[in-house]
Amino acid sequence: MPELPEVQTVLNGFTTRTGQRKIIAITGFYPGTLITSSGWKDSALPAAIARSERRGKYMLIHLESGYCLIIHLRMTGKLVYAEQTTEELKHERARIILEDGAIFHFIDPRTFGKIVRCAAGELPNYLPQLGLEPFDQSLTPEHLAPLLARRKMPIKNVLLDQKVIAGLGNIYVCEVLYRAGIDPERPASEISIPELAKIIHHTREVLAEAIAKGGTSISDFRRIDDKTGEFQEFLRVYQQKQCPCGHEVQREKSAGRSTYFCPVCQKRAKRKH
DNA sequence: CAATGATCCTGTCCGC
DNA sequence: TGCGGACAGGATCATT
């Protein structure tokens with residue numbers, strides 16, 4: 001399940017591997033995976049990468065020709081690099097081909113991932129509204145407070161909303177709330193300013209650690225060299241039996257997703273029902 | 001505007 | 001051994 005650290009890891013691998021080589025073609029194998037905007041022209045390729053960036057869980061590849069690729073791995077997407085062109089791989093939904101025949105396979109069993117190719121000016125049409133980046137210095141408790149003021153949903157669910165903070169997914173939200181010592185079921189509007197400060201602090205801390213470890217390989221996340229990340233060894237509650245303090249980790253469902261938390265460290269209040 | 005539920009998909013795992 | 005069903009879940013869309 002690629003979240004911000006996994007996307008950053010893949011993007012780093014993609015740009016490093018590509019280097020100065022031009023992209024000469026992009027091929028789609030599965031209807032719906034490769035999306036071509038009306039502004040995309042054949043003259044967009046070949047082109048080298050001018051700049052690449054990550055926005056939330058989206059990879060943005062700016063081409064020197066003035067066009068742009070948006071890559072979203074969703075849940076099971078992978079980019080796998082190969083020196084030579086080969087026949088279509090299992091679950092290969094698209095591929096990006098470089099000028100000397102090297103390719104990136106876009107492997108995505110569940111087919112939710114997308115590659116959009118568009119003119120640079122069309123980017124806003126294909127990128128959804130996203131909240132601030134976790135490492136953006138403008139992200140402060142005072143910034144978040146009004147966004148949560150009328151949200152009665154559990155803080156955990158609101159943090160998964162990409163319009164609030166961009167890039168968090170189920171794994172890291174669980175880890176952040178554990179480190180912050182906050183019960184994931186607490187209504188978002190009731191989280192205090194000091195608690196928001198803790199959330200922001202631990203969000204940056206967890207994400208930075210995970211990026212340094214090459215991401216988390218739960219199920220099928222792989223780096224571009226098809227190696228696993230290592231942050232799964234450092235998870236404190238997600239899919240864990242016990243938290244680092246030795247308390248039993250509980251699992252519950254919230255809005256269809258598994259939440260892992262420690263009822264002791266995250267001070268679960270007794271509630272009816 | 002907020003919240004909810006359905007939807008998109010297939011590999012994996014569990015119980016019988 | 002095989003089968004049905006639950007589960008995994010990011011983002012979007014329709015509905016209340």
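Everything numeric in this text was worked out from a predicted model, so none of it was measured. In the text below, chain A, chain B and the rest are named by the order of the sequence lines, each starting its count at 1.
Each of A:Arg93 and A:Pro154 lies near DNA chain B, and the nucleotide nearest A:Pro154 is the one positioned closer to the 5' end.
Distance A:Arg151 CZ to B:dT4 P: 10 Å, rounded to the nearest Å. For A:Leu160 and B:dT4, the CG to C1' distance is 15 Å, given to the nearest whole Å. Going from atom CZ of A:Phe112 over to atom P of C:dG10 covers 11 Å, rounded to whole Å. Here the P atom of nucleotide C:dG10 and the CZ atom of A:Arg55 are 18 Å apart, to the nearest Å. Spacing between atom CD1 of A:Ile165 and atom P of C:dG10 amounts to 15 Å, rounded to whole angstrom units. Rounded to whole Å, atom C1' of B:dA2 lies 13 Å from atom CG of A:Leu148. Straight-line distance from the CD1 atom of A:Ile70 to the P atom of C:dT12: 11 Å, rounded to whole Å. Taking atom NZ of A:Lys152 as the reference point, atom P of B:dC1 lies 16 Å away to the nearest angstrom.
Checking C:dA11, C:dG10, B:dA3 against the side-chain heavy atoms of A:Met153 singles out B:dA3 as nearest.
Note: A:Phe104 and A:Phe14 meet the aromatic proximity criterion, with ring centroids under 6.0 Å apart.
Taking side-chain N and O atoms only, A:Tyr58 has no distance below 4.0 Å to OP1 or OP2 of C:dG10. When the side-chain nitrogen and oxygen atoms of A:His72 are compared with OP1 and OP2 of C:dA11, one or more of them lie within a distance under 4.0 Å. Contact annotation: A:His91 reaches the phosphate of B:dG11 (side-chain N/O to OP1 or OP2, under 4.0 Å). Note on A:Gln162: a side-chain N or O is less than 4.0 Å away from OP1 or OP2 of C:dA11.
In this structure, a donor-acceptor pair under 3.5 Å is present between the side chains of A:Glu122 and A:Ser37. A donor-acceptor contact closer than 3.5 angstrom links the side chains of A:Thr36 and A:Arg117. Under 3.5 Å, the side chains of A:Ser192 and A:Glu195 contain a donor-acceptor pair of N or O atoms. Inspection of the A:His62 and A:Glu53 side chains reveals an N or O donor paired with an N or O acceptor under 3.5 Å.
A donor and an acceptor atom never sit less than 3.5 Å apart when one is taken from the side chain of A:Arg110 and the other from the base of B:dG11.
Using a 4.0 Å heavy-atom criterion, one finds that A:Arg257 contacts the bases of the nucleic acid, with or without backbone contacts as well.
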